[in-house]
Amino acid sequence: MLRQGAEVYKATITATGASLVRLEKNFSFVLSPKAPYNFELTAKKPAGWDLFTPFEVFEEGTMWTALHVDGMLVGLKLKSTEETDSPRISVTAFLAREPDDKEETIKGILAEKLGVNDELSQFYGFARRDPILKHAVDDLYGMHDTLGGSVFDLAILTICLQMAPLKRSEQMMECLVSRYGRVAEFDGRRVAAWPVPSEISVVSIKELESRCKLGYRAKYVIQLAKILEGGAFPTLEDLARLPAEESKRRLMELPGIGDYSADIINPRAGFPIDAWSVDVFGKLFFGREPKNARDAIERVKKEGIRRWGRWSWMAFFYVAQDLENLSKKLNVKLRLQ
DNA sequence: GCGTCCAGGTCTACC
DNA sequence: GGTAGACCTGGACGC
């Protein structure tokens with residue numbers, strides 16, 4: 001038996017150590033996002049950013065994914081039933097037990113995470129007057145920003161990205177998910193979800209160091225788990241309602257979370273420049289990659305915020321998803337992720 | 001095969 | 001308040 005808050009699951013252990021949980025109850029509903037809304041671009045972003053977990057599956061317009069909502073493991077089958085200008089998303093949510101009074105909670109949180117009520121028209125009006133963004137919004141018309149599964153998921157992501165090549169970051173994350181996460185079995189699929197804080201807070205630093213090769217990051221991940229398992233820290237949805245500066249300040253109180261990581265986690269705010277994106281935006285802004293990437297981070301970040309102001313995050317998001325097209329249209333070679 | 005370098009940042013001690 | 005140096009690990013690279 002697994003216990004998570006009030007939730008108790010019947011579970012078996014998979015070969016990797018993750019718990020397999022069968023989600024046999026389900027309910028369905030339809031979301032009607034504000035147009036334009038392109039479900040495929042929003043759910044399966046061109047740069048490969050995950051919606052909720054690295055193990056989700058997208059086939060022929062349908063997404064199977066899994067996350068924790070209000071302490072419950074939820075499997076999701078998402079499918080677009082209409083076009084970008086009259087969008088509708090068909091959702092089936094799978095749970096281990098009857099949803100009872102949780103249906104409205106799940107509907108509300110999912111709507112917020114999928115950005116169905118977010119208005120793109122103001123950003124598009126701004127972007128169409130910008131020499132770089134006008135191409136990106138044309139290429140990715142209807143792509144909405146989404147909130148990840150949880151602060152813990154995104155904090156693990158950013159900590160694994162620190163001081164490591166992308167391939168090694170992926171190895172660390174896959175190990176954490178496959179050994180300490182839960183595998184949701186539903187609709188004939190198996191999807192591994194990120195671990196919850198209470199599953200990591202009881203693991204020793206030495207175990208994380210040796211099993212998942214996290215190195216110095218192990219202590220940050222465990223400290224984070226201990227802070228976040230209490231539920232006192234704001235959720236992503238809470239942070240999205242705070243002023244961006246306040247939300248960032250709260251995030252930077254967390255261990256291992258500095259300026260860059262807070263900008264990644266902070267919902268719909270920030271301009272997260274790192275050793276990769278400094279090359280991309282350095283080329284776009286100044287026509288060349290900076291000689292010393294780390295020294296140029298502050299300069300490139302200031303320029304992005306100066307140009308794009310309140311739309312800095314959306315500008316970053318759209319450019320990061322459109323590098324291949326922008327390389328051709330602007331005739332610059334941009335380093336893909 | 002072996003040694004060296006360094007990577008999608010953050011923290012801390014020191015000045 | 002500003003900044004240099006340490007931090008895990010493993011893949012890439014040169015020899």
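Keep in mind that the numbers below use all heavy atoms, side chains included, and drop hydrogens, waters and symmetry copies. Not measured: the values here are computed from a predicted model.
Straight-line distance between the P atoms of B:dA13 and C:dC8: roughly 14 Å, to the nearest whole Å. Taking the P atoms as reference points, C:dA6 lies 14 Å from B:dC5, given to the whole Å. Remark: the separation of the P atoms in C:dT3 and B:dG8 is 24 Å, to the nearest Å. One P atom belongs to C:dG10, the other to B:dC11, and the distance between them is 23 Å to the nearest Å.
The CD-C1' distance, from A:E253 to B:dT10, rounds to 16 Å in whole Å. Taking atom CG on A:L251 and atom P on B:dG9, their separation rounds to 18 Å, with Å as the unit. Protein atom CD1 of A:I159 is 13 Å distant from nucleotide atom P of B:dG9, rounded to whole Å. Distance, A:Y260 OH to B:dA7 C1': 12 Å, rounded to whole Å. Taking atom CD of residue A:Q337 and atom P of nucleotide B:dA7, one finds them 18 Å apart after rounding to whole Å.
A:E112 and A:R241 are joined by a salt bridge, as a carboxylate oxygen and a charged side-chain nitrogen come within less than 4.0 angstrom of each other. Using a 4.0 Å cut-off between charged side-chain N and carboxylate O, A:K113 and A:E237 make a salt bridge. Comment: A:R128 does not engage A:D138 in a salt bridge, judged by the lack of any side-chain N to carboxylate O separation of less than 4.0 angstrom. Under the 4.0 Å criterion applied to side-chain N and carboxylate O atoms, A:R249 and A:E253 are assigned as salt-bridge partners. Between A:E56 and A:K44, no side-chain nitrogen of the basic residue sits less than 4.0 Å from a carboxylate oxygen of the acidic one, so the salt-bridge criterion is not met. Checked for salt-bridge contact, A:K167 and A:E170 miss the test: no charged N lies under 4.0 Å from a carboxylate O.
Residue-level contact check: A:I257 touches the backbone only, with heavy atoms under 4.0 Å from sugar-phosphate atoms and none from bases. Counting any heavy atom pair closer than 4.0 Å across all strands shown, A:L254 reaches sugar-phosphate atoms only and no base atom.
In terms of modelled atom types and a separation under 3.5 Å, the side chain of A:H144 and the main chain of A:P36 share a donor-acceptor contact.
For A:R250 and A:F233, the positive end sits near the middle of the six-membered ring, less than 6.0 Å away and at most 45° from its axis. Under the 6.0 Å distance and 45° angle rule, A:R299 counts as a cation-pi partner of A:F286.
Contact footprint of chain A on DNA chain C: nucleotides with an atom under 4.0 Å from a non-hydrogen protein atom, first to last in 5' to 3' order, C:dC7 to C:dG11.
A 4.5 Å side-chain heavy-atom check between A:V30 and A:V91 finds every atom pair outside the cut-off. Between A:M314 and A:W308, the closest side-chain pair of non-hydrogen atoms is not below 4.5 Å.
The side-chain hydrogen bond (donor to acceptor under 3.5 Å, both in side chains) analysis of residues 263-287 of chain A, with sequence neighbours excluded, yields the pairs A:D118-A:R268, A:S247-A:N266, A:K248-A:D263, A:Y260-A:D274, A:D263-A:K301, A:D274-A:S277, A:D279-A:R335.
Less than 6.0 angstrom separates the ring centroid of A:F281 from the ring centroid of A:F271. Between A:F29 and A:F27, the distance from one ring center to the other falls under 6.0 angstrom.
In DNA chain B, consecutive stretches of 3 or more Watson-Crick or G-U wobble pairs with both distances under 3.5 Å are given as paired ranges: B:1-7 with C:9-15, B:9-15 with C:1-7.
No side-chain donor-acceptor contact under 3.5 Å links A:S80 and A:E40. Residues A:S201 and A:E229 have side chains that bring a donor and an acceptor to within less than 3.5 angstrom of each other. With no hydrogens or angles considered, no side-chain donor-acceptor pair links A:R88 and A:Y37 at under 3.5 Å.
At a non-hydrogen distance threshold of 4.0 Å, A:R168, A:Q171 from residues 165-178 of chain A come into contact with DNA chain C. Near DNA chain B, meaning a heavy atom under 4.0 Å from it, residues 266-283 of chain A has A:D274, A:A275, A:W276 in order of number. For the contact set between residues 202-226 of chain A and DNA chain B, defined by any heavy atom under 4.0 Å, the members are A:Y216, A:Y220.
For A:I264 and A:G256, each mapped to the nucleotide of DNA chain B holding its nearest heavy atom, the one lying further toward the 5' end belongs to A:I264.
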